[in-house]
Amino acid sequence: MQAIILAAGMGRRLAELTRDNTKCMVEVNGVSLIDRLLGQLARQQLSRVVIVIGYKGKELKDYLGHRYDDRLKIEFVENPVYDRTNNIYSLALAKEQLQADDTLLLESDLVFSDRLIPMILEDPRPNLALVAKYESWMDGTMVCIDDEYNIVNFISKDVFSYRDIDTYYKTVNVYKFSQSFSREKYVPFLDAYTRAVGNNEYYENVLRLISLLNSHDLKALPIGQEKWYEIDDKQDLDIAEALFADEKDILRKYYGRYGGFWRFPQMLDYCYLVNPFFPSQRMVDEMQANFPTLLTEYPSGMKVNTLIASKSFGVSEPYVVPGNGAAELIKVLMENTKGKTGFVRPTFEEYPNRYDADCQVTFIPQDKDYRYSADDLMAFFADKDISQLMLINPDNPSGNFIQKSDVLRLASWCDERGIRLVVDESFVDFSHNYASNSLLSDAILEAHPRMVVMKSISKSFGVPGLRLGIMASASKELIALAKKEVSIWNLNSFAEYFMQIYNKHEQDYLKACEKFVRERDDFEHQLRTIPFLRVMPSEANYFLCEVLPPYSASAIVVYMLKHHNILTRDCSRKPGLDTACQYMRIAVRSHEDNARLVKAMKQMEQDVHGK
């Protein structure tokens, strides 16, 4: 067995990173792509490695030098016209070598799990392509396979159809060809194809022709959950560095992204806190049906969007302002508040982060589960000089919840003292009796004109990609100020349309909330079977869990990410939590996902005890 690596391309989309080096010399977490690949190949029994070079070929040869002489026999084939040809010509230049032995064919811009090369070599089938189930981040050659894993078609970009993506697999660009296949099929077709079509093509086009003969020479080997990434630009590089980060860096590289995790293949995100059961498929279908219009037309301005928000959430127009996510409105609120503000910690840090630290008065519950009541807050802040009091209800990360009647008592207490009460009820629709727990009504706001209600629509409505939130108050001056401070086009057309059609789907939303409460109750029971977690009760869509010795939250998070592709949250350092303990916040997802997390947690316990 030999290996042929195609490394002649220019890598233009990596800009300055390939100005002086070829693409395969770009580093992922301090290790160049070519070093990683050659290191993986050196563990196999290979007769030689042939590298087809072109752009900055001399630099690559000088870089490799003789460092692999004791492990690999490396030969080079040069493509002198790399700037006018594509990879079909690079492979054609190595066709004599290709026919000399069974061959692993690889592209040099890949980073992948150490298990992939043994996987393809140990499979007894002579001609294989590693493939991965289609994900939204993938680009390039797709294939269709039958029930016997025969590749029956290669799907080029010009015939790719999003209607068929459920049937597509992406080629990982790692192939195994037998010597006879190369001699009798691939190279003869390669010669004919290049004569007929030219050299500015892709070598996969030859495989496509062969697959159309129904010869079933080439089989597909799905890689399942194994990690891989193809690096064409800087964003690819950034994602690859997170996927293949060392344990000491992995959490920083993931947590620092603040989202966009749909780019990571098959990862379960247990950090972000959204409703797993809404929007309904019916609502998604309605939005999809209007996608072209929403994409190509301007959204409405603040006046119209306020009208729609008023209709959707049952608050009069002068009392409500829609925002580009609650974060936009939090910024406006906190930057236009004077005096000292009372905070409960641990809590959602966006509010205190937007406020002068010297003007913060902090209450920390003394209960081991971080429970507190309206009476606790009134007792603590009774002798404090505050002009504003923040209440996240349910709180984050504790899941503590104060009943609506007690919140209204707290609002009256604040009214008497001239204190503005800000209630963030982004998670209130996850609570038991969710349908009657919201403070969003004209009567309540008018009865407590100093109170402000904030709600992130992303959370309970399950649409974080829309970036939508509302702020409501009978203080018309505050609402008018907020409308003046945000952009006139602060909402996109998709967020506007979501609000426009929401009331048609409101019954589906209520059913989704009911289903969620049942799922959370079941998930809590399942989490309590994990012996190294102390699970605290919650009325939100997450659980705060104390991690019991000898385990640590960071070790669990790293294990879950690296071994099960599940991202969880270590919140041990969150202000207000006991620094002597370790804590995780675990979101609630669908029943299937939650079962996968619990199974992974129990597998971790077995792995630890097995050692």
Side-chain angles (χ1 to χ4, degrees), residues 242 245 247-259 261 264 267-274 276 345-350 364-365 367-371 392 394-401 427 430 459 519-590 593-609:
E247 290 193 5
K248 60 183 176 61
D249 292 326
I250 193 168
L251 298 186
R252 176 179 59 83
K253 289 181 180 291
Y254 274 88
Y255 287 170
R257 304 182 69 85
Y258 299 106
F261 293 127
F264 291 78
M267 187 181 78
L268 286 185
D269 175 12
Y270 269 84
C271 292
Y272 282 81
L273 310 172
V274 297
R345 277 198 164 115
T347 194
F348 177 50
E349 287 296 315
E350 184 68 15
I364 298 177
D367 180 271
K368 68 173 184 176
D369 288 344
Y370 300 98
R371 305 297 100 179
I392 315 295
D395 213 339
N396 179 6
S398 69
N400 183 76
F401 180 60
F427 302 106
F430 296 117
K459 306 297 190 298
E519 179 58 36
R520 181 188 56 215
D521 292 347
D522 178 76
F523 189 38
E524 179 178 3
H525 174 73
Q526 296 301 319
L527 286 176
R528 291 186 185 277
T529 67
I530 298 171
F532 54 82
L533 294 181
R534 184 177 69 83
V535 183
M536 302 175 203
S538 176
E539 288 287 306
N541 65 330
Y542 45 82
F543 290 98
L544 180 64
C545 302
E546 181 185 355
V547 177
L548 303 177
Y551 295 85
S552 71
S554 61
I556 295 173
V557 171
V558 170
Y559 172 89
M560 296 291 284
L561 187 54
K562 291 186 73 69
H563 295 277
H564 297 280
N565 209 12
I566 298 175
L567 182 65
T568 49
R569 173 68 66 179
D570 174 4
C571 56
S572 302
R573 297 183 180 180
K574 198 172 185 68
L577 289 174
D578 185 349
T579 57
C581 299
Q582 293 276 300
Y583 296 95
M584 294 178 65
R585 189 193 67 198
I586 301 176
V588 182
R589 292 177 57 107
S590 70
D593 290 347
N594 294 337
R596 178 175 155 188
L597 178 134
V598 170
K599 181 179 179 181
M601 289 274 192
K602 292 182 176 179
Q603 182 63 52
M604 178 181 179
E605 184 188 17
Q606 293 177 11
D607 291 347
V608 170
H609 288 312

Answer whether the closest heavy-atom distance between the side chains of [X] and [Y] falls below 4.5 Å.
X	Y	answer
Lys459	Asn541	no
Glu524	Ser538	no
Met560	Leu268	no
Val547	Ile556	yes
Met536	Arg371	yes

Nearest heavy-atom neighbours spanning [X] and [Y]:
X	Y	result
Ala553	Tyr583	CB-O, 3.4 Å
Met584	Val557	CE-CG2, 4.1 Å
Val588	Glu519	CG1-CG, 4.3 Å
Ala540	Pro394	CB-CB, 3.9 Å

Roughly how far apart are [X] [atom1] and [Y] [atom2], rounded to 0.5 Å?
X	Y	atom1	atom2	answer
Leu548	Ile530	CG	CD1	11.5 Å
His564	Leu597	NE2	CG	9.5 Å
Arg520	Phe430	CZ	CZ	9.0 Å
Cys545	Gln582	SG	CD	13.0 Å
Met601	Leu533	CE	CG	5.0 Å
Ser554	Asp570	OG	CG	5.5 Å

side-chain contact (heavy atoms from CB on, under 4.5 Å) partner of Leu577, chosen from Ser398, Ser572, Cys571: Cys571

Between Asn594 and Gln526: side-chain donor-acceptor atoms closer than 3.5 Å: no

Residues Tyr370 and Asp395: side-chain donor-acceptor under 3.5 angstrom: no

Phe427/Tyr542 aromatic ring centres below 6.0 Å: yes

Pair Asp369 + Arg534: basic N to acidic O under 4.0 Å: yes

Within 6.0 angstrom of Arg528 CZ, more than 12 heavy atoms from elsewhere: yes

Parallel, tilted or perpendicular, as decided by the 30° and 60° cut-offs, for the rings of Phe523 and Tyr270: tilted

CA sep, side-chain torsions, deciding dist, call: Arg585, Asn396, side chain to side chain contact (heavy atoms under 4.5 Å, CB included): CA-CA 9 Å; Arg585 189 193 67 198; Asn396 179 6; 3.2 Å; yes

